[in-house]
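Values below: all heavy atoms of this structure, side chains included; hydrogens, waters and symmetry mates excluded.
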Amino acid sequence: MRDKITNWLIIGIIVSVVMMIVGYFLWTNLVPLQDINSYSPQELRDIQKELAINYPLGSLLLNLGFVGFSSTLLALVVRKLLAFIKKKQ
């Protein structure tokens, strides 16, 4: 049976993935644009900020979710490696 720390790390990974998904939908522009090639990159960024549901919150959730996912995944891998090395000795 898994210990409590491993369970919390798995819950952290799941929460981070959900944060990234919600952040993406808040951050992205879901309105189709015609002739997208005619816009400059700066104009596209401005249009995305204007048409997104909540651009700053989505960007924050994407970044927090990525940092949380990376750190909890790294901690989980390190715990599993240490348990594997300890078991081998």
Side-chain angles (χ1 to χ4, degrees):
M1 189 170 160
R2 293 183 271 184
D3 60 345
K4 287 185 178 183
I5 295 175
T6 304
N7 284 341
W8 280 107
L9 289 173
I10 292 172
I11 290 170
I13 288 175
I14 293 169
V15 168
S16 298
V17 169
V18 169
M19 281 175 56
M20 287 190 287
I21 291 170
V22 169
Y24 177 76
F25 282 111
L26 290 175
W27 172 77
T28 192
N29 173 17
L30 298 175
V31 178
L33 297 174
Q34 289 185 353
D35 200 19
I36 198 166
N37 296 331
S38 65
Y39 295 112
S40 70
Q42 180 63 36
E43 289 174 332
L44 279 174
R45 195 171 308 118
D46 292 339
I47 289 172
Q48 181 179 2
K49 286 181 181 180
E50 183 179 317
L51 295 177
I53 296 171
N54 193 344
Y55 186 85
L57 180 61
S59 178
L60 176 72
L61 286 176
L62 272 172
N63 292 330
L64 285 177
F66 180 72
V67 169
F69 180 79
S70 302
S71 60
T72 54
L73 186 63
L74 180 66
L76 189 63
V77 168
V78 167
R79 280 187 58 80
K80 291 297 180 180
L81 284 175
L82 290 175
F84 179 73
I85 291 171
K86 188 177 179 182
K87 184 179 180 183
K88 232 173 184 202
Q89 290 178 355

#### Entry: Spacing of L44 atom CG and N29 atom CG [to the nearest 0.5 Å]
9.0 Å

### Summary
Output for pair (S71 OG, L76 CG), nearest 0.5 Å, gives 11.0 Å

### Query
Atom CG of L62 and atom CG of L26: how far apart are they, to the nearest 0.5 Å?
8.5 Å

### Message
Minimum heavy-atom separation for G23 and L61, please, with both atom names.
### Response
CA-CB, 3.7 Å

### Query
Do the non-hydrogen side-chain atoms of L81 and V77 ever get within less than 4.5 Å of each other?
yes

### Message
Do L73 and I5 land in one hydrophobic cluster if side-chain heavy atoms of ILVMFWY residues count as linked below 4.5 Å?
### Response
yes

### Task
Kindly indicate, with the supporting measurements, whether the criterion side-chain contact (heavy atoms from CB on, under 4.5 Å) is fulfilled by S70 and L74.
CA-CA 6 Å; S70 302; L74 180 66; over 6 Å; no

### Message
If I take atom CZ from residue F25 and atom CG from residue L30, how far apart are they, to the nearest 0.5 angstrom?
### Response
7.0 Å

### Query
Any idea which heavy atoms bring G65 and S16 closest together, and the distance?
O-CB, 3.5 Å

### Query
Would a hydrophobic clustering, with Ile, Leu, Val, Met, Phe, Trp and Tyr connected at side-chain separations under 4.5 Å, put I47 with I36?
yes

### Query
With hydrophobic residues grouped by side-chain heavy-atom distances under 4.5 Å, do V18 and W27 end up in a single group?
no

### Query
Would you call L60 and P56 a side-chain contact if the rule is heavy atoms closer than 4.5 Å?
no

### Task
State yes or no: do M20 and I13 share one hydrophobic cluster built from I, L, V, M, F, W and Y residues joined by side-chain heavy-atom distances below 4.5 Å, directly or via other members?
yes

### Message
Checking side-chain polar atoms at under 3.5 Å, does R45 have a donor or acceptor matched by the opposite partner on Q42?
### Response
yes

## Note on the structure
R79 and L9 have their tightest heavy-atom pair at CD-CD1, 3.5 Å

### Query
Are the side chain of T28 and the backbone N or O of Y24 linked by a donor-acceptor pair below 3.5 Å?
no

### Query
Do K80 and T6 come close enough that some side-chain heavy atom pair is under 4.5 Å?
yes

### Message
Tell me whether Y39 shares a hydrophobic cluster with V31, the cluster being built from Ile, Leu, Val, Met, Phe, Trp, Tyr side chains joined at under 4.5 Å.
### Response
yes

### Query
Taking the side chain as C-beta and beyond, is there a heavy-atom pair between F66 and F69 under 4.5 Å?
no

#### Entry: Matching residue for V17 among I21, I14, V15 - test: side chain to side chain contact (heavy atoms under 4.5 Å, CB included)
I21

